[in-house]
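Atoms within a ligand are numbered from 1 in the order they appear, just like the ligands themselves. Side chains are part of it too, since the values below use all heavy atoms of this structure and drop only hydrogens, waters and symmetry mates. These numbers were taken from a predicted model, which means no experiment stands behind them.
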Amino acid sequence: MTNLENNLNNLKGYFGEFGGSFVPEVVQKALDELEAAYDKYKDDEEFLAEYAHYLKDYSGRETPLYYAETLTNHLGGAKIYLKREDLNHLGAHKLNNVIGQILLAKRMGKKKVIAETGAGQHGVATAAAAAKFGMECEIYMGALDVERQRLNVFRMEMLGAKVHAAQEGEKTLKEAVDAAFKAWIENIDDTFYVLGSAVGPHPYPTIVKDFQKVISQEAKRQILEKEGRLPDLVVACVGGGSNAIGAFAEFIPHEEVALLGVEAAGRGLDTDRHAATLTLGTVGVVDGMKTYALFNEDGSVKPVYSISPGLDYPGIGPEHSFLKDAKRAEYVSATDDEAVDALLLLTRTEGIIPAIESSHALAEVIKRAPKLDKDKVIIVNVSGRGDKDVAAIADYLENRNK
Ligand SMILES: *Cc1c(COP(=O)(O)O)cnc(C)c1O
């Protein structure tokens with residue numbers, strides 16, 4: 001390939017100035033192969049029919065768009081609808097993407113999949129889909145996370161995956177990503193890397209968005225049925241940004257629909273214990289993409305923190321960086337405390353225990369809904385269920401009440 005072709009090729013992976021592909025040559029070759037395969041199948045009727053079949057009969061889609069009447073009355077303002085991604089198989093939106101990528105891997109003739117995982121949610125989804133489709137599966141996880149998330153490690157092992165503990169650095173998600181990338185390079189010909197969020201080098205952010213946009217395709221149809229119009233506001237939590245970009249996608253062209261992403265402010269934006277990438281980050285290259293991220297002065301990536309294991313990522317998908325700078329979407333943050341209170345409020349008003357990640361989005365809804373007129377409509381994406389968080393919430397409340 002000539003340099004010019006190489007540049008043109010790369011331009012496809014940009015959202016404004018963000019995105020691209022900053023990887024070693026061997027990886028670029030694999031990414032080009034992935035892009036070619038994806039271009040071939042993304043509009044292929046048989047591929048799309050198989051994807052739709054597994055979303056429906058395996059994962060249980062479509063998920064309901066539920067009018068949370070008790071919560072709405074309690075807050076006394078805008079009407080609040082919950083997009084129930086928590087009702088997917090395995091309890092979150094992650095499987096939407098994993099099913100798509102595994103079907104693509106199968107088409108590409110790959111026999112083995114690898115993935116990184118932080119808390120284990122993406123690892124469990126990948127291990128489950130690998131079991132279902134008869135693929136070998138290896139999951140990379142920071143050694144500290146392996147200790148903290150024993151239950152998910154055991155789940156992955158039950159599903160037949162081999163879990164590797166990364167012993168470097170902070171022993172969390174960043175080291176897991178590095179280890180998975182290294183393993184990919186060593187076995188690049190027969191291995192498919194199942195990426196867990198709308199991040200990384202091109203074409204991953206686009207592939208993950210395409211497999212998650214089912215959330216807003218359904219939500220748009222559902223809100224038109226229920227309200228006869230589009231919502232005024234769509235809210236989602238933001239880790240790497242996959243559930244948010246999926247919830248935003250179909251509404252992006254409708255300028256009258258406001259889009260709002262909520263990051264983790266952890267113990268507070270004035271501490272160094274948060275993961276508020278778009279709120280406090282700067283532009284640079286991380287994990288093969290150009291985007292906002294939390295960097296130290298020397299250019300290394302800062303350690304991040306949140307009560308929610310799915311939100312403590314120091315970068316953000318490049319399309320969110322673009323939407324922020326283009327002012328098409330707004331990004332704010334919620335603290336651990338606010339998220340826990342939001343989790344408890346939804347639990348007590350609607351009998352639904354949301355994931356602590358999703359509770360960050362709910363925390364912002366709780367602030368905004370009372371200030372909006374009763375004829376306004378908010379859709380909030382409940383990205384997952386909170387069963388996995390119950391023990392951590394119990395500990396948190398015990399310490400808070402001391
Ligand atoms: C992983 C996860 C997230 C964060 O990931 P995104 O890519 O930002 O969506 C949010 N909610 C739940 C329930 C998760 O499991």
Side-chain angles (χ1 to χ4, degrees), residues 59 63 82-98 101 115-126 128 141 145 149 152 155 172-173 176-177 194-200 204-205 207-216 234-249 260-264 275-278 287 289 291-292 304 306-321 323 329 331 333-334 339 342-343 346 352-363 380-390 392:
S59 193
T63 61
L82 310 177
K83 182 58 176 160
R84 298 290 309 276
E85 290 302 298
D86 58 310
L87 294 178
N88 268 307
H89 177 43
L90 304 173
H93 67 292
K94 294 229 159 62
L95 195 63
N96 302 334
N97 167 48
V98 167
Q101 287 195 41
E116 83 297 337
T117 196
Q121 299 300 110
H122 175 58
V124 169
T126 303
M141 195 168 178
D145 287 335
Q149 306 288 342
N152 273 342
R155 276 194 188 106
T172 62
L173 181 60
V177 173
V194 181
L195 200 68
S197 189
V199 299
Y204 279 109
I207 291 180
V208 175
K209 177 194 187 180
D210 284 352
F211 289 139
Q212 290 293 357
K213 75 181 175 205
V214 63
I215 300 171
S216 53
V234 177
V235 189
C237 67
V238 181
S242 72
N243 88 88
I245 205 68
F248 292 173
L260 178 61
V262 187
E263 313 187 294
T277 309
L278 284 172
D287 291 338
M289 59 179 164
T291 192
Y292 280 95
V304 286
S306 163
I307 186 173
S308 57
L311 299 186
D312 59 357
Y313 179 63
I316 174 82
E319 193 168 359
H320 288 292
S321 294
L323 291 171
Y331 296 87
S333 61
L343 181 147
L346 188 72
I352 295 168
I353 307 178
I356 187 66
E357 288 84 5
S358 325
S359 302
H360 286 69
L362 288 159
V380 53
N381 195 38
V382 180
S383 54
R385 66 174 181 229
D387 305 51
K388 67 181 180 59
D389 301 311
V390 169

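Looking at Pro205 and Leu195, their side chains never come closer than 4.5 Å, going by heavy atoms from C-beta outward. Two residues are said to be in side-chain contact when any heavy atoms from C-beta on lie closer than 4.5 Å; Ser197 and Val208 fail this criterion. Within the 4.5 Å cutoff, no side-chain heavy atoms of Glu357 are placed close to those of Gln121. Asn96 is listed as a side-chain neighbour of Glu85, based on a closest heavy-atom distance under 4.5 Å.
Scanning all heavy atoms of the two residues, the minimum distance from Pro354 to Leu343 falls at O-CD1, 3.2 Å.
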Identify all N/O pairs between ligand 1 and the protein with a separation under 3.5 Å and present them as a table of atom names and distances.
unit_1	atom_1	unit_2	atom_2	d
ligand 1	7 (O)	Ser197	OG	2.5
ligand 1	7 (O)	Gly241	N	3.4
ligand 1	7 (O)	Ser242	N	2.8
ligand 1	7 (O)	Ser242	OG	2.7
ligand 1	8 (O)	Gly239	N	2.8
ligand 1	8 (O)	Gly240	N	3.1
ligand 1	8 (O)	Gly241	N	2.8
ligand 1	9 (O)	His93	NE2	3.0
ligand 1	9 (O)	Ser242	OG	3.2
ligand 1	9 (O)	Asn243	N	2.8
ligand 1	9 (O)	Asn243	ND2	2.8
ligand 1	11 (N)	Ser383	OG	2.7
ligand 1	15 (O)	Lys94	NZ	2.6

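Side chains of Tyr204 and Asp287: a donor-acceptor N/O pair is absent below 3.5 angstrom, by distance only.
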